[in-house]
Each structure stands twice: as C-alpha cells, then as structure tokens.
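Have a look at the structure below before the remarks.
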Amino acid sequence: MTADLRERARELRARIEEANYRYYVLDEPTITDAEYDALMRELRELEEAHPELRTPDSPTQRVGAPPAKEFAPFPHRRPMLSLANAFSSDELRSFDERIRKALGEPYAYVCEPKIDGLAIALEYRDGLFVRGGTRGDGHTGEDVTANLRTIKAIPLRLRTPEAIAVPTELEVRGEVYLRKSDFEALNREREKAGLPSFANPRNAAAGGVRQLDPRATAERRLSFFAYQLASDVEGIRTQWDALRLLRELGFPVTPIARRCTSIEEAIAYCEERERLRDELDYEIDGVVIKVDALAHQERLGTVAREPRWAIAFKFKPREARTRLLDIVINVGRTGTLNPNAVLEPVQIGGVTVKSATLHNMAYIRNNDIRIGDVVIVTRAGDVIPRVVGPIVEERTGKERIFEMPDRCPVCGSEVDWPPGEALARCPNADCPAQVVERLRHYASRDAMDIEGLGAVLAEQLVTQGVVRSIADLYTLDELALARVPRLGPKSIANLLRAIAASKQRGLARLLYGLGIRHVGAQTAQILADRFGSMDALAAASPDDLQACEGIGPEIAESVALFFRQPANRTLIERLRAAGVVMTAPRRAAAGGPLSGKTFVLTGTLPSLTREEAAELIRSAGGSVASSVSKKTDYVVVGDAPGSKLEKARALGIPLLDEAGLRRLLDRR
DNA sequence: CCGCCTCGAGTTCT
DNA sequence: CTCGAGGCGG
C-alpha cells in the first residue's frame, strides 16, 4: 500500500518535472494546464496525507512556504467578531437580562441557525463581486477571491432591489458550507481515488476554500448562506430587514430564521432547531441570537472582541476533538485482532468517551489515523463512538503510523493474516484472551444466560486458572471460587445456582454459545430444529447440513470441522456428563395469528423489551428479521428509532407501534 | 455471474 | 447499529 503510494508520488514528480522542462526551457508544452494542475493536485494531496512521502525536491516544495502564506492578506474594514457561547437556556436568560438592563426599552431578537462552515467576507463594488476573504484572526484573513468565484451560490453581480439604493461599496458576510449529501458524494469519490476522506463537511469546506487551485475548489460543490450586511445601507434598520435585502440582492439566505419578541420564544426556537437538526441537508451546531434593531446593536457595542448584542446557543456536541493516545489490539472470541483507539477522555453527547473501535487495518489506513493525532470522534445517530479521522493541520511530525504486530499481544503466537483478508487472527484457540471471550459469549444472555458471569468475572476465572474450558464451569464448587478475589459467599452461591440453571437452555442456545464460526443465533436455531439433538448434528455430513434452508457450503464445512476436532468432542462429552441438555424441544405447532409474517423491530417500545416483543411475535408464528427489505411485512417502531424507520418509509412498509402489534397478536 | 437478502461479529457507557 | 460476507434466486 505505502509502497504503491511512494511509487505513485515518484511517477507524479517525474511527469511534472518533464512538463516544467518542456514548458519553461523548450517552450514546447506537451500537456494542457488542466492536466498539469491535476498532476500537481494529486501530488500535493498525496504528500499532505502522507508527509513521509514528501521530498525536498518535490515540485510542491518549489513554491516554498506553507499554503497559508500563498494567499494575499485580506484586511477587514470592520473586524469579523466571534460570538459568546451559551450552552443552556439559563445562560440565554442571563444574556437577555443584560440586554434588558442596558437598553431599558422594548427590543426583539432574530434567531438564525448557526451553519457549521467557514465564515467569509465578500466585497462588491457597483454591484460586482470584487474581493472575498476568510475570517482569519478577525482583523486580517486570506484573500481567496478566485476560489469564491467558483461557488455558484455567490452572486458575481447583484440583483437590483426595489426601493433600496445599494451603496457603491457593499460588504456581505456569510458562511461557506458543504451539504451533507455533497460531502458524502465527495468522500465516496475520494475513497475511490485512494485519497483519505474528510472527517466532516466543515473540514472539507474549509479545505476547499483554501485550495491553491480554484478548479479544485470548484470540484467541492460548496454552498453559501449570507447572514450579515457589513455596510450601512439607507433604509435598513434591523437585522430582519438586512436578511430580506440580502435575499433581494440574490444571496441565499436561510429560510428558517425567526424574529422573536422574548427570550422564551428564542429558547423555544433553539430547542426546536436542536430537535430538528437532522432534517436539514447541512450541519448546524447551534443558533445565533441577535438583537434585531441595528440602533440597539450600536448602543450595546462590543467588549473583548465579542459583540454584546449577539450570542451563539451551542447544541450538545455530537463530535469532539481529542488526542489518540495509543492504538491497542483486542483479541476477539474468534481470534480476530481488533485495533482499538485509546483516547484522551472527552465528553460527547453527555457521556465521557475514552475508547473506540478502529475496526481493522484498512479503516486506519483509509482514514490515515496515526498514534498521537488529534482526531475527531462522533457518536452520530447511534451510541457507539467512532473515530472519523485526524486533523492533519494539528500534526507535529511526532505521530506514529500503527502497524499490525507480528505476534499476538496476549499469547505471542504468530499472527495469521492472509493477503486480501480484512482481519488478522491469532490462530491459537487456547489463547487466554480467546478463552475469556468464548466464556463470556457462552454465558451471555442470548446464549446460556448465566447471570453474574460477565466480562470481569470471565477474565478473573481464567487468569486465576479456575476455568480453562467452558466445561470447567460445571465442575466449579465453593472452594474453587473462593480463590477469586472479591467474590463473597453470597455471589458464589448465586453463581453456582445460575450455572446449574443454564443446563436447561436447550440445543439451539447451546450451539450458539459454543461459538462455532458462522453459527449465530439464527443458524443455531435452524440446526437445532432440523437435527433435534447434538448427536444427530455431530453425525451429519456436510451434504446433510447443506440440505437445510440457509446453510451453504461455508457454514456446512465450518460445522463439520467443529465436530471433527477432538478437543470439541471432549468438550461436548464433558458437558453431557455434567447434565447439559443437548436436545431441542419439539417445535411449536405452526399457525399462530402472525404465521408467515416477517417483522422488524426498531427503537425502544414503551412496555416491552426488544427480546420480549420478538418472543411474542415468534410464539404467534411470525418471524423477526434484523433488517428491513421488500419482504418485510411490518416494522414495529418504538421511541428513538434508527435508520430502519427511514428504510421502511422508503419501501412503503406498514408501520406499527406497540399497541398496533398487540392488536395484531390478539386477533385470532 | 450479479444483486438482493439475511446473518454474524464486534461494539461504548452507565 | 453497521459492515462484511454467505446464501440464494434470477
């Protein structure tokens, strides 16, 4: 991979230098400017993503200084201020209190969504766009006029409004941003091209505006909203008027701004926008509340580079920046080596996140994640944190590229990682990490449901040497368990009772608990129904197995392999000797009220757990699937539903709430 | 052989 | 919940 990139970088440099030579020295250009720019762009991006590929003689270094220096300075006539932040409605109320005291007369607010993009100033002369720049430090930004010209949402010539005389010199401020849909498309394209994807739309937009080649900016499909008139215009006395004028001049202006006459109304607006934030095709991270009348704004003035007449209400963040302290390897129950991010603890959406999966090496490479990076972590949509990517600008050069170790970090076995496979594996079935994970899985709720035996106890039992095989569970006694630290007599008694009770779970859950590759809860149920007993299953040939609906060659071979292994044979005999039930109860007679119907559950139901609801459906003859498709008959929707609801709507599948499900169940 | 459908596996915090 | 991959129908 890295070798390929290195080779590509070398090739790009050679072609660029050849082109330079022919153009500057021989005066015989051989490629078009566009082709040349494309080569430069690819090389620059490659080197940005992989600074270790950068060489002192690279054509990208010919221009010398870092990109920030390559734009002309853009001094702001009026400083571009930053806003004070509020994180609660109480902070908004004290903001309002200060305004009320200072003004001593009635006033109104204008509330606008705070677009998560890049603030920009645009200068027009005689109605024509002349110059535009970034915010920079508030006093001086960067002149990015050429790039801004490529943004179609920015008018190059203003329209003539009715009844308002537009001054010769006009400055307009607003936000350049990237639509979520354009962001996703951009990342898909970059992935296809082997380039690292952007962490979020804002980074992609900010990067887009600061491209040295305006054509690269154009490719980003950037959008724009205007939100401030930074020049005095006759007849414009309020922010509300200013927004209307901006619209008449031909700028895109948010359609969801609202004028409020009290802070409570503004707070209600903030809450509403936070609730609806996902319905927009662009990211907003809060609401900006401004005192409406420009005369009031003037009286309130500015302190410490923040206007006293405006405040930003910030939504609960869904993403945060934090440092990736380390990448460690977790060994899964099937022996997979899963890279895990150790994060400097950070608050996201109300919880402290300090760890997140990195899935596999491909994920780490595709997103160019390195140890020591400042990374963006999200919890979008679901609960599970996700490391989206690094903030490349924060790199110090001390970041380390993570490599998969050659040996299992737990047992030291040589790692098995066949070329083309996504996951590396520890091949040692006796690896303590695998034993712990298998034990935990065996005891888990959907398998043998041994209450009290979770991750912590599983770990202790194995490290104390009390349990080395699942079968050892059934020979445990008080004496052996007394060796486990912090396990009192009461816990011991409860645990022994739970272990004894697990013997009655039946064949399907036992099969699932054994953790045979490719055999999950569903397949275990199919096998149990079809073969009825462990002995019948153990005697089945791969052909017998493949005769089952849903069992193909892969699963058949995996099951047969499991029963061929002597260690597994022994395990089963020991379980049998301990009295673990190895037969399946006769299948319930078909023909309930829901027979033949397929259900999918999403969200939290008011009075049933998901498992209880699934059990009710199955006992009435219906089946429960995990994803929505054309074959789904009903989707049962609870509180805080996930993406399945979207899919169901798209496919026009009937939706039920819990009450609706109960009505179906009661119909006989 | 391709595309759809379904299942398996891993996953965070309180 | 999401991704990847096995199973299966067209």
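Between A:Thr352 and B:dC13 there is no side-chain N or O to OP1 or OP2 distance below 4.0 Å. Phosphate contact (OP1/OP2 of B:dG10, side-chain N/O of A:Thr336, threshold under 4.0 Å): present. Distances shorter than 4.0 Å separate none of the side-chain N or O atoms of A:Asn330 from OP1 or OP2 on B:dG10. Dashed line: the shortest gap from a side-chain N or O of A:Asn360 to OP1 or OP2 of C:dC3 is not under 4.0 Å.
A straight line from CD of A:Glu554 to P of B:dA9 spans 12 Å, rounded to a whole angstrom. When rounded to the nearest whole Å, the span between NE2 of A:His359 and P of B:dT11 equals 9 Å. The distance between atom OH of A:Tyr363 and atom C1' of C:dT2, rounded to the nearest whole Å, is 11 Å. Rounding to whole angstrom units, CG of residue A:Leu358 and P of B:dA9 are separated by 21 Å. For A:Leu423 and C:dA5, the CG to C1' distance is 11 Å, given to the nearest whole Å. At whole-Å resolution of the value, NE2 in A:His441 and P in B:dG10 are 9 Å apart. Spacing between atom CZ of A:Arg440 and atom P of B:dG10 amounts to 9 Å, rounded to whole angstrom units. In this structure, A:Ile348 places its CD1 atom 10 Å from P of B:dC13, rounding to the nearest Å.
For A:Glu394, the side-chain hydrogen bond (donor to acceptor under 3.5 Å, both in side chains) test picks out A:Arg321, with sequence neighbours left out. In this view, A:Arg438 satisfies the side-chain hydrogen bond (donor to acceptor under 3.5 Å, both in side chains) rule with no residue, not counting sequence neighbours. Every residue two or more places apart in sequence or in another chain that forms a side-chain hydrogen bond (donor to acceptor under 3.5 Å, both in side chains) with A:Glu272 is listed here: A:Arg258. For A:Tyr177, the side-chain hydrogen bond (donor to acceptor under 3.5 Å, both in side chains) test picks out no residue, with sequence neighbours left out.
Comparing B:dA9, B:dT11, B:dC13 by their nearest atom to the side chain of A:Asn340 picks out B:dT11. Ranking B:dC13, C:dG9, B:dG10 by closeness to the A:Glu549 side chain, first place goes to C:dG9.
If A:Lys354 and A:Gly335 are placed on DNA chain B by their nearest nucleotide, the residue sitting closer to the 5' end is A:Gly335.
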* Structure fact -> Protein heavy-atom contacts under 4.0 Å, written 5' to 3' over nucleotides 3-8 of chain B as B (base), S (sugar-phosphate only) or - (none), form the string --SBBS
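Checking A:Glu344 against A:Thr322 by side-chain atom types alone, no donor-acceptor pair falls below 3.5 Å. For the residue pair A:Ser502 / A:Asp449, no side-chain donor-acceptor distance below 3.5 Å is found, with atom types taken as modelled.
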Please tabulate, for the side chains in residues 548-557 of chain A, all donor-acceptor contacts under 3.5 angstrom to protein atoms that are two or more places apart in sequence or on a different chain.
unit_1   : atom_1 : unit_2   : atom_2 : d
A:Glu557 : OE2    : A:Arg564 : NH2    : 3.0

